[in-house]
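Heavy atoms only: backbone and side chains are in, while hydrogens, waters and symmetry mates are out. Computed from a predicted model, the values in this text were never measured in an experiment. Chain A is the first sequence line, chain B the second, and so forth, proteins listed ahead of strands; every chain is numbered from 1.
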Number of protein chains: 2
Amino acid sequence: MPADETVIFDQPCPIRDVLDRIGDQWSLLVLEALSHGTLRYSDLMRGIGDISKQMLAKTLRRLEMDGFVTRKVFAEVPPRVEYSLSPLGRSFMQQVQGMIAWADANHRDIVLNRRAYEQG
Amino acid sequence: MPADETVIFDQPCPIRDVLDRIGDQWSLLVLEALSHGTLRYSDLMRGIGDISKQMLAKTLRRLEMDGFVTRKVFAEVPPRVEYSLSPLGRSFMQQVQGMIAWADANHRDIVLNRRAYEQG
DNA sequence: GCCTGATGGTCGTGTTTTTAGACCATGTCG
DNA sequence: CGACATGGTCTAAAAACACGACCATCAGGC
């Protein structure tokens, strides 16, 4: 067992690259919201509740850039912009569903662990 | 910021609660590293590469608190501390594996999308 | 005509989070 | 003695983020 496995994440590492985009506190939440259907910018603001305008815009731009989300602008007044999951995004969310189901099933244990830790 | 104004995500929302802990740039990376086996603090530093000591400590503490990770301290000098996935953590990582495999399979498309976005 | 409201953001500023680096205790090796 | 290794913590500086103001535009009420 030579120690050549110390560097776990290689430079062009897909896991690292995708996780860096996903692991930013908001991306998964936005994708989850969109997985229920197309939403406008203000719908996402209201739905998520505690995201700032700036971060929502930034998160959406990145998700659009990576091809997870589709942005459709309507030339109306007041302006209307609709966001929805692309096929790639839907495909990704199928994977995430497993995680969400797991969270649902194990949330109780986690909360219990947290409480126990705080008291021990 | 009002911490309980979510509309889509209800108050005792498992998805939101777990995602908030997981979606923090480092947790998934640490869990991924530990999924290959037990590691010491310094192994994790080297393996992940660009995490700061403070964030690694903080991330590990939270992961331990939630019960994903087990911390074993050996009374030696210099001190030795081993981190490993708990059964709960392993169970969670089974779900994450799907995401990782997906990332592996779709990384190419994502990079292509990014490039296309930057040019158009 | 004028004021108000709605939309999808951007901008500037102040607050929070993260980083980089020094530092600590302690025993081993040279 | 003096350097080295470990697992952190503490502090000051940098980066990320939140909050409110603001923009253009048109519809509807007055």
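The side-chain heavy atoms of B:Ile110 and A:Leu88, taken from C-beta on, include a pair separated by under 4.5 Å. Residues B:Val111 and B:Arg115 form a side-chain contact, since some pair of their non-hydrogen atoms from C-beta on lies under 4.5 Å apart.
A:Arg71 has its CZ atom 16 Å from the P atom of C:dT7, to the nearest Å. A:Phe74 places its CZ atom 17 Å from the C1' atom of C:dG9, with the value rounded to the nearest Å. Taking atom CG of residue B:Leu60 and atom C1' of nucleotide C:dT18, one finds them 16 Å apart after rounding to whole Å. If you measure from atom CG of B:Asp50 to atom C1' of D:dA15, you get 15 Å, rounded to the nearest angstrom. Rounded to whole Å, the distance from CD on B:Glu64 to P on D:dG7 is 14 Å. One interatomic measurement links the two molecules: CG of B:Leu56 to P of D:dG7, which rounds to 10 Å at whole-angstrom precision. The distance between atom CG of B:Asp24 and atom C1' of D:dA15, rounded to the nearest whole Å, is 17 Å. Atom CD of A:Gln54 is separated from atom C1' of D:dA18 by 8 Å (rounded to the nearest Å).
Take the nearest nucleotide of DNA chain C for A:Lys53 and for B:Ser52: the residue whose nucleotide is more 5' is A:Lys53. Both A:Pro78 and A:Ile51 lie close to DNA chain D; mapped to their nearest nucleotides by heavy-atom distance, the more 5′-ward contact belongs to A:Ile51.
With C:dG9, D:dG7, C:dT7 as the candidates, the nucleotide lying closest to the side chain of A:Val81 is C:dG9. Side-chain atoms of B:Ser42 lie closest to D:dT6 of the nucleotides D:dT6, C:dT18, D:dG8. Nearest nucleotide to the A:Val77 side chain, out of D:dC26, D:dG7, C:dT26: D:dC26. Proximity note for A:Arg40 (side chain, C-beta onward) versus C:dT18, C:dG8, D:dG7: the nearest is C:dG8. For A:Ala57, the side-chain atoms get nearest to C:dT10 when compared with the rest of C:dT10, D:dT6, D:dG7.
Taking side-chain N and O atoms only, A:Arg80 has no distance below 4.0 Å to OP1 or OP2 of C:dG9. In this structure, A:Trp26 does not reach the D:dA16 phosphate: none of its side-chain N or O atoms is under 4.0 Å from OP1 or OP2.
Residue B:Tyr83 forms a side-chain contact (heavy atoms from CB on, under 4.5 Å) with just one option from B:Thr70, B:Leu63, B:Leu60, B:Thr38, and that option is B:Leu60.
Salt-bridge annotation for A:Arg16 and A:Asp20: present, with a side-chain N of the basic residue lying under 4.0 Å from a carboxylate O of the acidic one. Using a 4.0 Å cut-off between a side-chain N of Lys or Arg and a carboxylate O of Asp or Glu, B:Lys58 and B:Asp24 do not qualify as a salt bridge.
Across all strands, B:Tyr83 comes closer than 4.0 Å only to sugar-phosphate atoms, never to a base (heavy-atom distances).
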